[in-house]
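Structure first, commentary second.
Reminder, nothing fancy here: chain letters follow the sequence lines and each chain counts from 1. What's counted below: heavy atoms across the whole structure, side chains too, no hydrogens, waters or symmetry copies.
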Amino acid sequence: MPELPEVELARQVLADALGREVRDVDDHDDWVCRPHAPGDIAAALRGGKLTEAHRRGKTLWCETENADGEPGPNLGLHLGMAGQLRFAGRSGPPGPRRFRGRDEKPEWFRFGLTFADGEQLRLFDTRRLSRVRLDPDLDALGPDAGEVSRTDFRTRVGRGRAPVKARLLDQSVLAGIGNLLADETLWQAAVSPARPVHELTADELTDLHKALRKSLRAAIKHGGVHTGEIIGHRRAGDHCPRCGAEMAHGTVGGRSTWWCTKEQA
DNA sequence: ACTCGTGTTAGCTG
DNA sequence: TCAGCTAACACGAG
């Protein structure tokens with residue numbers, strides 16, 4: 001589920017946890033918490049508190065403070081393909097119907113923080129591809145896709161010979177763009193996903209940057225990337241909502257890709 | 001039964 | 001060495 005817009009909403013949930021004493025930590029899932037052993041994260045955080053909630057691209061992390069007020073390790077969270085963060089008893093994130101009401105089965109509970117006031121922040125993930133780890137390495141991430149300047153965007157995305165969609169999905173180039181947001185951005189800019197970046201003009205790169213900002217703003221406002229204009233048309237036999245031409249399907253950069261056969265030729 | 005997938009990454013190839 | 005690609009990861013949905 002999560003791309004940059006969803007993760008930003010998750011960050012806002014996480015921000016609600018700041019400043020409260022951590023009474024207990026459930027880090028039983030050794031796959032989600034790898035390479036830490038069960039109990040390691042609990043031992044590092046118990047008695048302390050989270051002090052700041054940050055996000056770059058799809059990666060979340062919190063600064064922490066131990067019981068003596070000394071700086072503690074950063075707590076890193078990545079929601080993978082299907083992770084959701086929520087306080088027990090509060091409503092979950094917006095999203096497609098199929099994700100609602102089916103996401104709180106006990107077996108999908110992967111990680112939890114219980115605070116001294118009794119509230120519990122929970123990570124649910126059907127697919128178990130979320131990651132929780134101490135002091136995550138952020139060096140491999142490019143600048144946040146929502147913050148990057150037009151010039152920086154053109155330099156980074158325009159470098160190399162890969163198909164432009166592969167470049168947009170590369171988290172070391174820009175952090176935060178996932179498969180749906182890439183299709184939405186390319187459709188908004190009317191650029192073919194398979195075009196090698198070295199063939200793109202400066203104008204096309206500028207259009208892509210504009211389209212990215214527009215798509216991001218709309219997705220954050222409306223509750224997620226699934227609200228994008230082209231997303232509902234990523235189906236066999238469907239048509240482009242702008243020109244009516246048929247949608248095409250294929251694999252670009254290793255990911256399932258849909259584009260307009262006429263405008264993104 | 002069988003295929004697909006809103007993400008990441010180790011390992012392979014040229 | 002680097003850029004790019006593929007398979008694997010785990011598991012529910014269609």
Side-chain angles (χ1 to χ4, degrees), chain A residues 1-10 29-35 55-60 76-85 92-111 123-133 136-142 145 156-187 193-198 215-216 218-220 222-236 249-258:
Chain A
M1 186 181 177
E3 300 191 30
L4 188 158
E6 288 81 1
V7 179
E8 174 55 25
L9 297 172
D29 193 315
D30 62 350
W31 177 254
V32 166
C33 295
R34 72 190 187 286
R55 177 188 63 74
R56 191 195 304 172
K58 306 170 198 171
T59 298
L60 293 168
L77 292 166
H78 194 293
L79 302 178
M81 288 254 250
Q84 294 184 10
L85 214 47
R97 172 181 297 276
R98 70 177 182 279
F99 290 119
R100 259 183 276 145
R102 302 193 199 176
D103 41 20
E104 291 211 4
K105 286 192 188 173
E107 62 267 38
W108 295 338
F109 173 73
R110 310 297 182 187
F111 181 78
L123 171 66
F124 288 93
D125 183 3
T126 54
R127 292 186 58 184
R128 222 179 170 198
L129 292 171
S130 292
R131 288 292 293 272
V132 180
R133 63 166 310 169
D137 180 16
L138 304 170
D139 294 345
L141 289 179
R156 289 177 159 273
V157 176
R159 187 168 55 225
R161 309 183 70 80
V164 58
K165 178 169 177 182
R167 208 78 191 125
L168 289 174
L169 289 173
D170 186 336
Q171 303 298 300
S172 68
V173 174
L174 295 178
I177 303 178
N179 199 33
L180 294 185
L181 186 58
D183 276 8
E184 176 74 14
T185 299
L186 288 160
W187 177 79
R195 286 277 298 287
V197 285
H198 67 271
S215 306
L216 273 175
I220 291 174
H222 298 128
V225 287
H226 62 279
T227 62
E229 291 182 58
I230 200 59
I231 305 308
H233 301 276
R234 298 170 87 256
R235 294 182 338 202
H249 181 240
T251 300
V252 181
R255 307 302 306 278
S256 175
T257 302
W258 293 83

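Counting only heavy atoms from C-beta on, H78(A) has its side chain closest to dG7(B) among dC11(C), dG7(B), dC5(C). Between dT8(B), dG5(B), dC11(C), one nucleotide has an atom nearer to the side chain of R110(A) than all others, and that is dC11(C). The side chain of W31(A) has dC9(C) as its nearest neighbour among dC9(C), dG7(B), dC11(C). With distances taken from any side-chain atom of N179(A) to the nucleotides dC5(C), dC11(C), dG7(B), the minimum falls on dG7(B). Closest to the side chain of K58(A), out of dG12(C), dC5(C), dG7(B), is dG7(B). Looking at the side chain of T126(A), the nearest of the listed nucleotides dG7(B), dC5(C), dG12(C) is dG12(C).
Along DNA chain B, the nucleotide nearest S256(A) and the nucleotide nearest R131(A) are compared for position; the residue whose nucleotide lies closer to the 5' end is S256(A).
Within the 4.0 angstrom heavy-atom criterion, only backbone atoms of the sugar-phosphate kind lie near R167(A); the bases stay farther away. G254(A) comes within contact range of no nucleotide atom at all, as no heavy-atom separation falls under 4.0 Å. The residue R161(A) sits close only to the backbone: its heavy atoms come under 4.0 Å of sugar-phosphate atoms, none of a base.
The phosphate of dG7(B) has OP1 or OP2 within less than 4.0 Å of a side-chain N or O from R255(A).
As rounded to whole Å, 9 Å separates atom P of dG7(B) from atom CD of E6(A). The CZ atom of R34(A) sits 9 Å away from the C1' atom of dT8(B) (whole-angstrom rounding). Distance D139(A) CG to dT9(B) P: 13 Å, rounded to the nearest Å. Atom CG in D137(A) sits roughly 14 Å away from atom P in dT8(B) (whole-Å rounding). Taking atom CG of L77(A) as the reference point, atom C1' of dG7(B) lies 15 Å away to the nearest angstrom. For L129(A) and dC4(B), the CG to P distance is 18 Å, given to the nearest whole Å. When rounded to the nearest whole Å, the span between CZ of R156(A) and C1' of dA3(C) equals 15 Å. Counting to the nearest Å, the P atom of dC4(B) and the CZ atom of R235(A) are 18 Å from each other.
Residues L138(A) and R56(A) approach most closely at O-NH1, 3.4 Å, considering heavy atoms. Heavy-atom minimum distance, T126(A) versus A82(A): OG1-CB, 3.6 Å.
The distance from the CG atom of D29(A) to the CZ atom of F109(A) is 10.0 Å, given to the nearest 0.5 Å. The CD1 atom of I220(A) sits 7.5 Å away from atom CG of L9(A), with the distance rounded to the nearest 0.5 Å.
For E8(A) and R55(A), the salt-bridge test passes: some basic side-chain N is under 4.0 Å from an acidic carboxylate O.
Among residues two or more places apart in sequence or in another chain, the side chain to side chain contact (heavy atoms under 4.5 Å, CB included) test is passed with T257(A) by K165(A), D183(A), P193(A), V252(A), W259(A).
A donor and an acceptor atom never sit less than 3.5 Å apart when one is taken from the side chain of R127(A) and the other from the base of dG7(B).
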Intra- and inter-strand pairs of DNA chain C in dot-bracket (Watson-Crick or G-U wobble, both distances under 3.5 Å; | for another strand): .||||||||.||||
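The 12-atom threshold is exceeded at CZ of R34(A), counting heavy atoms of other residues, nucleotides or ligands nearer than 6.0 Å.
If you check the side chains of S256(A) and H249(A), you find a donor sitting under 3.5 Å from an acceptor.
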